[in-house]
Amino acid sequence: MNAIVFKLAIGAIGFFGAVCCDNSETVLGTVLDCWYVEEQGGRMGSFPTAITQKKSLLLLRKNEQIGAPLDFIPPNDVEQGLFFDINDPTGVIRNNNFHKSQKKNEKSACEINLYTPQAAFVDWTVYLTKNEVSPLHFGGVWYTSNIQAANKKFSISSIMKVISPSPGTSDDEGNHEQGALGTITSVALNVFTRNPNVKTRLSRDVILDCGFTAENSKEFSVEWRYQYKGSGHVVYAYDGVRDRVEIAQEGTQIFFEELHASGNASLLIRDVNIKHVGTYICTVYVPYLHSQQAIELEIIEPPQLSLTPNPVYVFPGREEKLSCDISHYYPLDVTIEWLTKSAAPGSESQYVNESWQTSHRQNSDGTYNVTSHIWIRPEMKDHETVFTCYVSHVSLKTGTKKTSVVKMAGASGPSIEDAIGMFITAFILYGFLKLIYWLLSSAFSSSSARSSDKEEKVKSS
């Protein structure tokens, strides 16, 4: 029965409407490409034996268009029932980032799955399901969708229930209800973040953004969990029913007034350091439903450079070592290149092929140091040649560099600085000679005086 209704509906819209484009904005709302992912096989508590995915389509309806008939045709490669007509009274799921101009072939990431409402089994959610029996409201068919904007500026997970179909399209076979062209759902819980990837400097305070909306439920609990390289722990846990903080890692905070007033579940971390790097999972629990967002926290410290000697004073044919010290950067990966450019008119920079570097050294704050070296043996023609140490790092958009200039001995007459230095040296030398002359003169005068005294004493005797 539904298959016939589906085909007739497509025929009718084909007469009055147009085929919908993927990831587009229509009069009704935002249309997104998505994947319907289904797990198959496996028993309860065990891993599935297979996972299948099929192309699906999501219509994120505008509130003022809820209930309005479709004005487009879903693509032929979307199976019946895999076109999801989503109603969200809060409007949160319809974020502008989903249909802003994007790079070529870049689309929002989207996945939708079946969902089973059930109680959560952690201490801070016990009072959400005191009756221990799921109310009838949580029967029927449920789905959960996960959407991340292509520009990485918004991500949302939504739990939705299949609602009554449009008139004349009821399911005679006992399957979940679906409208003339797809599955009509209503969102019960949204958990979202406006910044899934957070980058910050050391010793700063940082806020991990997380918010939620819940339909007809003022009871909730919030959990923040940290994960890094396979291990993890709870950072913050709040029981909203009892208004009680169960776990709070030192230096963390949530904003209770905004949490209860507007669903702001963001986490503040003070004085971040390397140990804070990792994934933070914000989970919001309401009775029999929960959803979450993962936020990546990265610490980015740009490298500091010094190049020695600078400038390079050297005699022709004499070998000299240049050292480029790169310090206090994070994360570890860094690229170091050496370039040289002659002072001759029209010359271009060239790469220095032979260089070597030390192993990475870690500082007490977790940042790294490394030193790169090159040997040079300049001739007289290399006077004023410039050597450059160029460093690329994830913290730098265009890299950073330090330069050193070769100064060949005897390549040019004395400069003003040389003349001043020579004058000072001559003045000091003159003073030194005067001192020696004075000391010698004094010693000679004293010796002559003593000799005269002896002669007078001999005569008088």
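Quantities reported herein were computed from a predicted structural model and do not represent experimental measurements. Computed from heavy atoms alone, side chains included, the values below leave out hydrogens, waters and symmetry copies.
Expressed to the nearest 0.5 Å, how far CG of Asp77 lies from NZ of Lys55 amounts to 4.0 Å. Once rounded to the nearest 0.5 Å, the distance linking CG of Leu60 with CD1 of Ile86 reads 5.5 Å. One finds the CG atom of Leu305 at 7.5 Å from the OG atom of Ser327 (value rounded to the nearest 0.5 Å). Distance check: Phe83 CZ to Ser56 OG gives 10.5 Å after rounding to the nearest 0.5 Å. A distance of 9.5 Å separates OG1 in Thr279 from OH in Tyr228, rounded to the nearest 0.5 Å. With rounding to the nearest 0.5 angstrom, the CE atom of Met160 is 8.0 Å from the CZ atom of Phe84.
Not less than 6.0 angstrom separates the ring centroid of Tyr115 from the ring centroid of Tyr143. Ring centers of Phe220 and His260: under 6.0 Å apart, within the cut-off.
Around the CD atom of Gln350, the shell of radius 6.0 Å holds no more than 12 heavy atoms that belong to other residues, nucleotides or ligands. The local environment of CZ in Arg361 is crowded, with over 12 non-hydrogen atoms from other residues, nucleotides or ligands closer than 6.0 Å. Heavy-atom neighbours of Glu64 CD from other residues, nucleotides or ligands within 6.0 Å: above the threshold of 12. Heavy atoms of other residues, nucleotides or ligands lying less than 6.0 angstrom from CD of Glu257 number 12 at most. For NZ of Lys62, the number of neighbouring non-hydrogen atoms (other residues, nucleotides, ligands) closer than 6.0 Å is greater than 12.
Contact annotation: the side chain of Val198 approaches that of Ile295 to within less than 4.5 Å [non-hydrogen atoms, C-beta and beyond]. Between Gln227 and His233, the closest side-chain pair of non-hydrogen atoms is not below 4.5 Å. Between Thr385 and Thr340 the shortest side-chain heavy-atom distance falls below 4.5 Å. With a 4.5 Å cut-off on side-chain heavy atoms, Tyr236 and Leu267 count as touching. Looking at heavy atoms from C-beta onward, Leu32 lies out of side-chain contact with Leu57 at the 4.5 angstrom threshold. A heavy-atom distance below 4.5 Å is not found between the side chains of Trp338 and Tyr351. At least one side-chain heavy atom of Glu223 sits less than 4.5 Å from a side-chain heavy atom of Trp124. Using a 4.5 Å cut-off on side-chain heavy atoms (C-beta onward), Leu189 and Thr213 make no contact.
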- Passes side chain to side chain contact (heavy atoms under 4.5 Å, CB included), Cys389 versus Ile336? Steps please. CA-CA 7 Å; Cys389 173; Ile336 308 167; 4.0 Å; yes
Run the side-chain hydrogen bond (donor to acceptor under 3.5 Å, both in side chains) test on Glu111 and Asn113 for me, step by step, so that the C-alpha distance in whole Å, both residues' side-chain angles and the decisive distance to 0.1 Å come before the verdict.
CA-CA 7 Å; Glu111 180 179 309; Asn113 322 79; 3.2 Å; yes
Could you walk me through whether Glu320 and Arg377 pass the salt bridge (Lys or Arg N to Asp or Glu O under 4.0 Å) check?
CA-CA 6 Å; Glu320 185 72 34; Arg377 192 190 295 270; over 6 Å; no
Next on the checklist: Let's go through Asn95 and Ile156 carefully: what are the C-alpha distance in whole Å and the side-chain angles of both, what is the deciding distance for side chain to side chain contact (heavy atoms under 4.5 Å, CB included) to 0.1 Å, and is it a yes or a no?
Outcome noted: CA-CA 9 Å; Asn95 188 272; Ile156 186 168; over 6 Å; no
Side chain to side chain contact (heavy atoms under 4.5 Å, CB included) between His373 and Ser323, worked out = CA-CA 5 Å; His373 307 280; Ser323 299; 2.8 Å; yes
Exercise for review: Determine, stepwise, if the pair Val245 / Phe256 fulfils side chain to side chain contact (heavy atoms under 4.5 Å, CB included).
Suggested key: CA-CA 10 Å; Val245 176; Phe256 297 111; 3.5 Å; yes
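With hydrogens and angles disregarded, a donor-acceptor distance shorter than 3.5 Å links the side chain of Thr358 to the backbone of Thr371. Between the side chain of Tyr127 and the backbone N or O of Asp123, no donor-acceptor pair lies under 3.5 Å. In this structure, Thr193 contributes its side chain and Asp209 its backbone to a donor-acceptor pair below 3.5 Å. A distance-only check finds a donor-acceptor pair linking the side chain of Thr183 to the backbone of Gly81 [under 3.5 Å]. Judged by distance alone, the side chain of Ser392 and the main-chain N or O of Thr335 form no donor-acceptor pair under 3.5 Å. For the pair Arg61 (side chain) and Ala68 (backbone), a donor-acceptor distance under 3.5 Å is present. Side chain of Thr185 to main chain of Lys161: no donor-acceptor pair is present (N/O by atom type, distance under 3.5 Å, no hydrogens or angles).
With no hydrogens or angles considered, a side-chain donor-acceptor pair links Asp365 and Thr367 at under 3.5 Å. Checking Thr283 against Gln292 by side-chain atom types alone, a donor-acceptor pair falls below 3.5 Å. For the residue pair Gln65 / Asn63, no side-chain donor-acceptor distance below 3.5 Å is found, with atom types taken as modelled. Side-chain N/O atoms of Gln293 and Ser155 include a donor and acceptor closer than 3.5 Å. Judged by distance alone, the side chains of Asn363 and Asn369 do bring a donor and an acceptor atom under 3.5 Å apart. Counting only N and O atoms by type, the side chains of Asn97 and Asn151 include a donor and acceptor under 3.5 Å apart.
Taking every heavy atom of both residues into account, Leu322 and Ser404 meet most closely at CD2-CB, 4.4 Å. The minimum heavy-atom distance linking His276 with Asp271 is given by the pair CE1-O, 3.9 Å. Here the closest non-hydrogen pair linking Leu58 and Cys110 is CD2-SG, 3.7 Å. The two residues Ser145 and Ile93 come nearest to each other via the heavy atoms OG-CD1, 4.4 Å. For Lys153 against Pro196, the heavy-atom pair with the smallest separation is C-CD, 4.2 Å. Taking both residues in full, the closest heavy atoms of Val277 and Tyr226 are given as O-OH, 2.6 Å, listed atom of the first, atom of the second, then distance.
Salt-bridge formation is not detected for the pair Lys54/Glu38: no Lys NZ or Arg NE/NH1/NH2 atom is positioned less than 4.0 Å from an Asp or Glu carboxylate oxygen. Salt-bridge check for Asp239 with Arg244: failed, with every basic side-chain N at 4.0 Å or more from each acidic carboxylate O. Ion pairing between Glu25 and Arg94 holds under the 4.0 Å rule for side-chain N and carboxylate O.
Sorted by first and then second residue, the pairs that involve residues 186-304 and meet disulfide (SG to SG under 2.5 Å), not counting sequence neighbours, are Cys210-Cys282.
Just one of Asn264, Val191, Asn190, Thr90 meets the side-chain contact (heavy atoms from CB on, under 4.5 Å) condition when paired with Phe212; it is Val191.
Relative orientation of the His393 and Tyr329 rings is perpendicular, given thresholds of 30° and 60° on the angle between their planes. Relative ring orientation between Trp356 and Trp375 is described as parallel, the plane-to-plane angle staying below 30° on a 0-90° scale split at 30° and 60°.
Applying the ring pair (Phe, Tyr, Trp, His ring centres under 6.0 Å) rule to Tyr285 yields the partners His290; only residues at least two apart in sequence or on another chain are considered.
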